[in-house]
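Everything on this sheet refers to the single structure shown next.
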Amino acid sequence: MKLALHPEVIDGWPTPTPQAPWRALVSGCLVGWHCGVDGSDNGMGEALAALFRLPTLQRVPFCPEDHALGTPRGTPDLHGGDGLAVLAGTARARDEHGADVTEAMLSGAAAMLAVARAAQVQFAILTDMSAACGSQVISDGSRFAQPRRYQRGVGVATALLLQHGIPVVSQRDHATLGRLRARLEPGFVPDPNARDHHRHPWVVANLPEPRR
């Protein structure tokens with residue numbers, strides 16, 4: 001389940017404490033791992049720093065692309081559909097040079113799922129736009145093609161997590177992240193004007209809802 005589409009489920013989870021924190025699978029770049037395609041953290045290392053400092057949240061970081069393809073690497077994107085289509089065998093993952101990296105992306109996704117299960121995470125916070133970890137918007141074909149095309153959809157690792165019942169939220173789902181933080185940090189007041197990514201005006205105007 002995408003938490004941004006069903007944020008009410010957060011209210012039903014047990015109250016987290018430092019002794020019994022919530023456990024969240026987290027994209028490696030969001031905790032500052034230098035696992036981006038160019039060996040950087042994609043500028044994401046401080047994106048959720050305040051949330052990740054809370055003692056009521058235990059982070060379980062992992063990068064499926066680094067695991068399967070190494071760093072640095074080519075930039076994978078999905079062709080012919082999103083991560084669910086890749087799992088179904090009707091779409092492929094290719095880097096900007098055209099190399100087919102579908103099997104590696106599937107391997108990385110399986111490894112991420114194994115880490116999530118071993119840690120018994122309750123949910124995942126993953127980096128949107130990624131062909132592995134995206135959960136709201138991803139590229140439609142290579143991101144280097146001009147004009148760049150986008151699609152609503154999920155990456156390969158996210159698709160596998162969702163299929164196995166692990167809820168996912170993106171770092172751009174600000175309203176849902178605020179709701180999570182309010183449970184993790186008593187007294188925190190979420191921004192009432194915060195929006196999740198699927199409600200951003202650009203997304204609403206340019207990307208129709210997928211037919212599923």
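A quick note: this is a predicted structure, and the numbers were derived from the prediction, not measured.
Contact between Val86 and Leu78 at its shortest, heavy atoms only, is CG2-CD2, 4.1 Å. Across every non-hydrogen atom of Pro7 and Thr176, the tightest pair is CB-OG1, 4.1 Å. Closest approach of Trp13 and Pro167 over heavy atoms only: CZ2-CG, 4.5 Å. Taking both residues in full, the closest heavy atoms of Asp196 and Ala175 are given as OD1-N, 3.1 Å, listed atom of the first, atom of the second, then distance. Scanning all heavy atoms of the two residues, the minimum distance from Ser170 to Ser135 falls at CB-OG, 3.3 Å.
Contact check for Pro55 versus Pro21: no side-chain heavy atoms found under the 4.5 Å cut-off. Between Phe123 and Ile10, the closest side-chain pair of non-hydrogen atoms is not below 4.5 Å. Looking only at side-chain heavy atoms (C-beta outward), Glu185 and Leu51 stay at 4.5 Å or farther from each other. Using a 4.5 Å cut-off on side-chain heavy atoms (C-beta onward), Glu96 and Arg143 make no contact.
Atoms CG and CZ, from Asp140 and Arg148 in turn, are 11.0 Å apart once rounded to the nearest 0.5 Å. Atoms CG and CG, from Leu48 and Leu30 in turn, are 5.5 Å apart once rounded to the nearest 0.5 Å. Expressed to the nearest 0.5 Å, how far CH2 of Trp22 lies from OG1 of Thr15 amounts to 7.5 Å. In this structure, the separation between CG on Leu69 and OG on Ser107 is 9.0 Å, given to the nearest 0.5 Å. Of the inter-residue distances, the one linking Leu57 atom CG with Arg181 atom CZ reads 11.0 Å to the nearest 0.5 angstrom. For the atom pair CZ (Arg183) and CG (Leu54), the distance works out to 13.0 Å, reported to the nearest 0.5 Å.
Within the structure, every pair that satisfies the ring pair (Phe, Tyr, Trp, His ring centres under 6.0 Å) test and touches residues 53-73, not counting sequence neighbours, is listed here: Phe62-His67. Residue pairs meeting the ring pair (Phe, Tyr, Trp, His ring centres under 6.0 Å) criterion with at least one partner in residues 125-174, sequence neighbours excluded, are Tyr150-Trp202. The salt bridge (Lys or Arg N to Asp or Glu O under 4.0 Å) analysis of residues 98-123, with sequence neighbours excluded, yields the pairs Arg92-Asp100, Arg94-Asp100.
In this structure, Thr71 contributes its side chain and Gly39 its backbone to no donor-acceptor pair below 3.5 Å.
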For Ile166 and Leu25, run side chain to side chain contact (heavy atoms under 4.5 Å, CB included): C-alpha distance rounded to whole Å, both residues' side-chain angles, the deciding distance at 0.1 Å, then the answer. CA-CA 9 Å; Ile166 297 174; Leu25 180 69; 5.6 Å; no
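With respect to the salt-bridge test (charged N to carboxylate O, under 4.0 angstrom), the residues Asp82 and Arg152 do not qualify.
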